[in-house]
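Note sheet for the following structure.
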Amino acid sequence: MSAGVSRGPTDSVPAYYPGCSLDGLGKAYEVTAQQVLRRLGLSLDRIVDYNCCGATEVKNLSQDVSVALPARNLALARSMGRHQVVAACNGCVYSLARANDAVREPATRGRINATLEEGGAPTYDGEASVQHVLEFIHTRAGPERVRAAVRRPLTGLTVAPYYGCLYTRPKRYTGAGRTPGADDPEHPHFLDELLEACGAKVLTDFSAKTICCGGGHALSDLDVAVAFSASILNEARRAGADLVATICPLGQINIENHLDRIRAAYGEEVLRPVVYFTQLMSLAFGASVAEARLRDNFSRPDLFLRSRGFA
Amino acid sequence: MPIVEKSLVTVDRSDRLEMEGIDVSGDWNTFLRSRVQTDLDVRILDWVRSQPQGDTISRCWQCGTCTAGCCLHTDYGLNEFNPRYFIYLAQVGYEEELRKYATTIWRCVSCNKCVERCPKGVKVEEVIHTIGSYLEFTGGAPESPADRFDRAYTENLLRRGVLDEASLFRTYERLEGRTMPAGEMLKMGFQLLRSGRLRTGPLAHRTRGWRQFGNVLREKLKEDERRRRASLSAAGGRGGHSP
Ligand code: SF4
Ligand code: SF4
């Protein structure tokens, strides 16, 4: 019933599932993640003809469609000979892992494979494990190798690490807390360790670490989405953070899309620049503010970082 | 109403360990006297349980852990959003009371904290959505903004295999009768274009060989909705639902 205790075989070069966000609004995440991986001597092999994972929406309409969508991607990874799929978006990690849980049941797997075949896709044997890119970097390179790759330590920057909801949740799907290379579901710490290795001061007790940003209802329930995004920024302000680092394009985009509303409701002083963790790592590895795509973010971390002497 | 006797907590694990007729597997259920209530209407429970997203509902033993951590209930302060209570009402079949929450239940943001923490392995978030579907299908709830978004999202991704974020935004805002002020739209468009992130319409990414797969999924989607509604009328769900 539960996600596996062992991760199963690992690949030296796992498959990489970009997902719609990293190919769209989350471009800065995609570009800087590649920069970081390259500097750490890690590589991933892109699933070229991937499709949308269905996020948390499709399952409310149809179980089989919500399993078949991610299963097609996992099947493509298997036909590339891979046992491991790395994704950078929490929503993608969730739905890929959820599909794995569903196809563990033989009857469901049979039905899903019939659908895959009918649609002209390879069938899926259920043997591809799913990992978040943060977990991948942490287990494969770790803080030590990150420290060794730093050219320009992030000294003087206080960072609030924001993991969001679906990075490890629920452990039933992700195997968090009991699978090698998976972070702790209640007290995740991989991001803290990587950013510390980059020389930043990390608020390890940041109280909004794993709260929801309301991103699933970013458009359909504005009051909730704005309130949750604001409380992430407000907790960061209370804790004395200069910046918020995210690991999820949904969180990043949701917070940044609501900046004007947050400003109007809670005041200018709540606002903080919000960045992908890979943008900060890339900066620490020697990339310029422009190369780390820090001008892309609506919350303008480029202006802030330049004021702190980062070129 | 017929008198029904039904145990609310069922043991559905396959790894029971019995010795001389005594369950020694250490499952908490073995310490519980089965709760038997009378005068229940189990039609909602049976329907929810028959759905793959709702099949874990009967494991719930009403501890309230889900509600205690629920970000809508606790952080946002929406007191009437109480997943434990929604499950209770579905279990015992108090449809009238459940319908009072028809305009609240859709607000679950799918953060999965409840699923993470449930000591009984209830997929709370999916169960809550299934109860929401029950209310919608039986005419007990108007189509919610979240339902509209789920449908717009799914239709959008089925078109090309990947999401066209800008077109989803436009479509959904139109559905809700909202328009973004032109100034705001321009500002956002400019920033997205500058960073090469705006790929919409003919520029949007598409999955090769998607047409065939997309068509199969579109059929599945329709078939599933038909099946769900049909199983509801077969189960005798009340309210003015139409197949
Ligand atoms: S946490 Fe689980 S068992 Fe407890 S009330 Fe919620 S669903 Fe029921
Ligand atoms: S998934 Fe929904 S019900 Fe569960 S804790 Fe989050 S908002 Fe509450």
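Sequence lines set the chain letters: A, B, ... in the order given, protein chains first and strands last, and positions in each chain run from 1.
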Closest contact, heavy atoms only, Tyr153(B) versus Cys52(A): OH-SG, 3.7 Å
statement: chain A shares the most heavy-atom pairs under 4.5 Å, among Gln51(B), Arg107(B), Glu225(B), Lys220(B), with Arg107(B)
field: Contacting region of Leu221(B) [heavy-atom separation from chain A under 4.5 Å]
entry: both
field: Per-residue contact mode, Arg218(B) against chain A (heavy atom under 4.5 angstrom)
entry: neither
query: Does the side chain of Tyr50(A) come within less than 4.5 Å of Thr207(B)'s, by heavy atoms?
result: no
query: Picking from Arg211(B), Glu176(B), Arg228(B), which has the most non-hydrogen pairs under 4.5 angstrom with chain A?
result: Arg228(B)
- request: Answer with side chain, backbone, both or neither: which region of Arg151(B) has an atom nearer than 4.5 Å to a non-hydrogen atom of chain A?
  value: both
- prompt: Do Gln212(B) and Glu118(A) come close enough that some side-chain heavy atom pair is under 4.5 Å?
  reply: no
query: Taking side chain as C-beta onward, heavy atoms only, is Phe149(B) less than 4.5 Å from Glu57(A)?
result: yes
query: Most heavy-atom pairs under 4.5 angstrom with chain B, which of Cys165(A), Ser220(A), Ser231(A), Ala227(A)?
result: Ser220(A)
task: Could you tell me the separation between the CZ atom of Arg72(A) and the CH2 atom of Trp210(B), rounded to the nearest 0.5 Å?
output: 6.0 Å
query: Closest heavy-atom contact between Ser62(A) and Asp224(B)?
result: OG-OD2, 2.7 Å
- prompt: So how far is it from Leu163(B) CG to Leu25(A) CG, rounded to the nearest 0.5 Å?
  reply: 9.5 Å
Tyr94(A) side, atom OH; Asn112(B) side, atom CG - distance, nearest 0.5 Å: 5.0 Å
query: What part of Glu219(B) lies closer than 4.5 angstrom to a heavy atom of chain A: side chain, backbone, both or neither?
result: neither
statement: Among Thr108(A), Thr210(A), Leu69(A), the residue with the most heavy-atom pairs under 4.5 Å to chain B is Leu69(A)
task: Please report the shortest heavy-atom distance between Val65(A) and Leu217(B), naming the atom on each side.
output: CG2-O, 3.8 Å
- prompt: What's the spacing between Ser66(A) OG and Asp150(B) CG if we round to 0.5 Å?
  reply: 11.0 Å
task: Please look at Leu222(A) and chain B and tell me whether the side chain, the backbone, both or neither of the residue comes under 4.5 angstrom of a heavy atom of that chain.
output: side chain
- request: Please flag which part of Cys114(B) lies under 4.5 Å from any non-hydrogen atom of chain A: side chain, backbone, both or neither.
  value: neither
- prompt: In terms of heavy-atom pairs under 4.5 Å, which option from Gly120(A), Gly19(A), Gly216(A) contacts chain B the most?
  reply: Gly120(A)
- request: Determine the interplanar angle of the Tyr76(B) and Phe228(A) rings, folded into 0 to 90°, and report it as parallel if under 30°, tilted if 30 to 60°, perpendicular if over 60°.
  value: perpendicular
query: Between Ala121(A), Pro170(A), Ala218(A), Pro185(A), which residue shows the highest count of heavy-atom pairs closer than 4.5 Å to chain B?
result: Pro170(A)
query: Can you tell if the side chain of Lys113(B) reaches within under 4.5 Å of the side chain of Cys212(A), non-hydrogen atoms only?
result: no
Tyr173(A) side chain reached by Glu116(B) side chain, heavy atoms, under 4.5 Å: no
query: Checking heavy atoms, do the side chain of Ala55(A), its backbone, both or neither come under 4.5 Å from chain B?
result: both
- request: Considering only heavy atoms and a distance below 4.5 Å, find which of Asp75(B), Asp147(B), Thr154(B) pairs most often with chain A.
  value: Thr154(B)
- prompt: What part of Trp106(B) lies closer than 4.5 angstrom to a heavy atom of chain A: side chain, backbone, both or neither?
  reply: both
- prompt: Can we say Asp49(A) and Arg208(B) salt-bridge, meaning some charged N sits less than 4.0 Å from an Asp/Glu carboxylate O?
  reply: yes
message: Salt bridge check, Glu186(A) against Arg117(B): does any charged N sit closer than 4.0 Å to a carboxylate O?
response: yes
query: Mind checking whether Arg169(A) and Glu125(B) have side chains closer than 4.5 Å, heavy atoms only?
result: no
- line: The interface call for Asp223(A) against chain B, heavy-atom contacts under 4.5 Å, is both
- request: Please determine, among Val58(A), Ile211(A), Asp64(A), Val48(A), the option with the most heavy-atom pairs under 4.5 Å with chain B.
  value: Val58(A)
Note: Glu126(B)-Arg98(A) ion pair, threshold 4.0 Å (strictly below): yes
Contacting region of Ala68(A) [heavy-atom separation from chain B under 4.5 Å]: both
Contacting moiety of Thr168(A), where chain B heavy atoms sit under 4.5 Å: backbone
message: For a quick test of reading the model, state the closest non-hydrogen atom pair linking Val109(B) to His217(A) and the distance between them.
response: CG1-ND1, 3.9 Å
task: Would you give the length of the straight line joining atom CG of Asn60(A) to atom OG of Ser144(B), rounded to the nearest 0.5 angstrom?
output: 9.0 Å
statement: Closest heavy-atom pair, Ser110(B) versus Leu166(A), reported as atoms and distance to 0.1 Å, is O-CD2, 3.8 Å
